[in-house]
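As structure tokens, the structure follows; a few thoughts come after it.
Both backbone and side-chain heavy atoms feed into the values below; hydrogens, waters and symmetry mates do not. Each chain gets a letter, A, B and so on, in the order the sequences are listed, and its residues count up from 1. Note that the coordinates shown come from a computational prediction; the quantities given were computed from them, not determined experimentally.
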Amino acid sequence: HKGPYFAPLYEPLPDDVKFYYDGKPMKLNVATEEIATFYAKMLDHEYTTKEIFQNNFFHDWRKEMTSEERKKIKHLEKCDFKEMHKYFVDKNEARKALPKEEKQKLKEEADKIQEEYGYCILDGHREKIGNFKTEPPGLFRGRGDHPKMGMLKKRIMPEDVIINCSKDSKTPEPPSGHKWKEVRCDNTVTWLASWTENIQNSIKYIMLNPSSKLKVGVLFLVRPSVCHLIDPFYATVHVRVFKNLQLFMENKDPGDDLFDRLNTTVLNKHLQDLMDGLTAKVFRTYNASITLQEQLKALTNAEDNVAAKLLSYNRANRAVAILCNHQRATPKSFEKSMQNLQAKIDAKKEQLAEAQMELKRAKADLKAKKDVKSKAAVEKKKKLLEKIQEQLLKLNVQATDKEENKQIALGTSKLNYLDPRISVAWCKKFGVPIEKIYNKTQREKFAWAIDMADEDFEF
DNA sequence: AGTAAGACTTGGAAGAATCTTC
DNA sequence: GAAGATTCTTCCAAGTCTTACT
């Protein structure tokens, strides 16, 4: 591989885009200006209204200022980033409004970078890298009430990066004038490059795309041996769990933590002793997959049309998501898009009524004239009516699906917990095109399953 | 046995691309 | 054809599990 692709260097603002302190324009040092733009870009984000975010940002920003700047800039409230903010908003819109050819050109440039840095050779095969770019500098966006939100995330330099590649491969060249922190050849790990980020002091990695050999299959292909053991395991375990619970409770007061001695480490250790490869996660995957299979069996009706079958599929998928507790907040746009859909349904109903009337008229016409032309007209109207009926049905199914899905996130279980062969088999068995349930990325990731599973596959 | 560091996976949000609708 | 909605993709923080260490 060629090592990571580094975030582009900072481009100073044009002279007419000014920063104001205490109402007066102030020219900032390039490094200071760069950090200011990180904040300016986020001005209409909720983050910048939070005190912790503001304080962390201001603290880190001042650290990077020249001593003169630091002497002057003492209060965030007196900083005016609005002009900078507007500059970036405008720039963004200008980019969106670019003519087709220009956009095409930009895309080609991006593709070239992807082509050059986005792949590596693994065991003689060309594999796609998942994240081949270093994370750009910016302000840390911790979730919830993260105490470090707003802190400066520093620019990653080649000197921060450890390269991992095989001994017989060509070592990637660092950008000119730079060198790598280290080059090593460790074939016991999967990462290609790594660096330590400055906020939490944790390590970030460049790794392969989910479609690559390294990422695929390990869980699902090795698992069957584990899974057929899980069934009898469950059967005996719940008796024992009950007894153990009683034991746990005997020596405890009602307020005590029941599981003070049971943490995931202990649990995993125990499971590991029972069988190699058995961890708590395997149970979650097993439960998810077996549930999907059962639900699909129970819900799918072979006589249904594709739309109705898809509703059944989504319902089975939802049962899994509920089991895994993949809940989400109802999307902000939910009400509105539901109303839109309802309006569509109403419009379709009117169309339907209209089509019924027209068919009636055409039939009457045929009765009166009994000629070839009006017979053809009747047929045509019949066809139209059927088409509209089908469309209406589809819309209704869509509405049901949407409503049932509003507080449930399907993505994670679909991507990480469900054996794709179950879905592939289902598609083949019921004649549903695979594109209806997996988009392009998902099809890439599950290519192995699409190839191998036939309609009789059982988990 | 407990803890910290390292490796790898997961989850959800933001941004980009595409589709719809007027 | 542009504005808005929807879907896809990328990004990256945070979670889980493993390994190393004391």
Legend entry - Under the side chain to side chain contact (heavy atoms under 4.5 Å, CB included) test, residues paired with A/N305 that sit two or more places apart: A/A307, A/A308, A/L393
Legend entry - Proximity to the side chain of A/N416 - top-ranked nucleotide from B/dC8, C/dC11, B/dT10: B/dT10
Inset, instruction - Name all residues meeting the side-chain hydrogen bond (donor to acceptor under 3.5 Å, both in side chains) criterion together with A/Q293; count only those two or more places apart in sequence or in a different chain, and write none if there are none. - result: A/E458
Between the protein and nucleotides 2-8 of chain C, list every N/O to N/O distance that falls short of 3.5 Å.
| unit_1 | atom_1 | unit_2 | atom_2 | d |
| --- | --- | --- | --- | --- |
| C/dA5 | OP1 | A/K336 | NZ | 2.3 |

Legend entry - Those residues that, when tested against A/T48, pass side chain to side chain contact (heavy atoms under 4.5 Å, CB included) (two or more places apart): A/Y39, A/M42, A/F53
Legend entry - Contact letters for nucleotides 14-21 of chain B, in which S counts primed atoms plus P, OP1 and OP2 and B counts the base, heavy atoms under 4.0 Å: S-S----S
Legend entry - side chain to side chain contact (heavy atoms under 4.5 Å, CB included) partners of A/E403, counting only residues at least two apart: A/F334, A/M338, A/K406
Legend entry - Residue-phosphate contact under 4.0 Å: A/Q200 side-chain N/O, C/dA14 OP1/OP2: yes
Inset, instruction - Hey, could you give me each pair passing salt bridge (charged side-chain N to carboxylate O under 4.0 Å, His left out) that has a residue in residues 310-321 of chain A? Not counting sequence neighbours. - result: A/R315-A/E404, A/R318-A/D401, A/R318-A/E404
Inset, instruction - Using a 4.0 Å heavy-atom cut-off across all strands, classify A/Y205 as base, sugar-phosphate, or nothing. - result: base
Legend entry - Test item: A/F19 and A/E83 side chains (from C-beta on) under 4.5 Å apart, heavy atoms: no
Inset, instruction - Output all residues satisfying side chain to side chain contact (heavy atoms under 4.5 Å, CB included) with A/K344, sequence neighbours left out; order by chain, then residue number. - result: A/L341, A/L395
Inset, instruction - Write out all pairs satisfying salt bridge (charged side-chain N to carboxylate O under 4.0 Å, His left out) with one or both partners inside residues 43-57 of chain A, taking only residues at least two apart or from two chains. - result: none
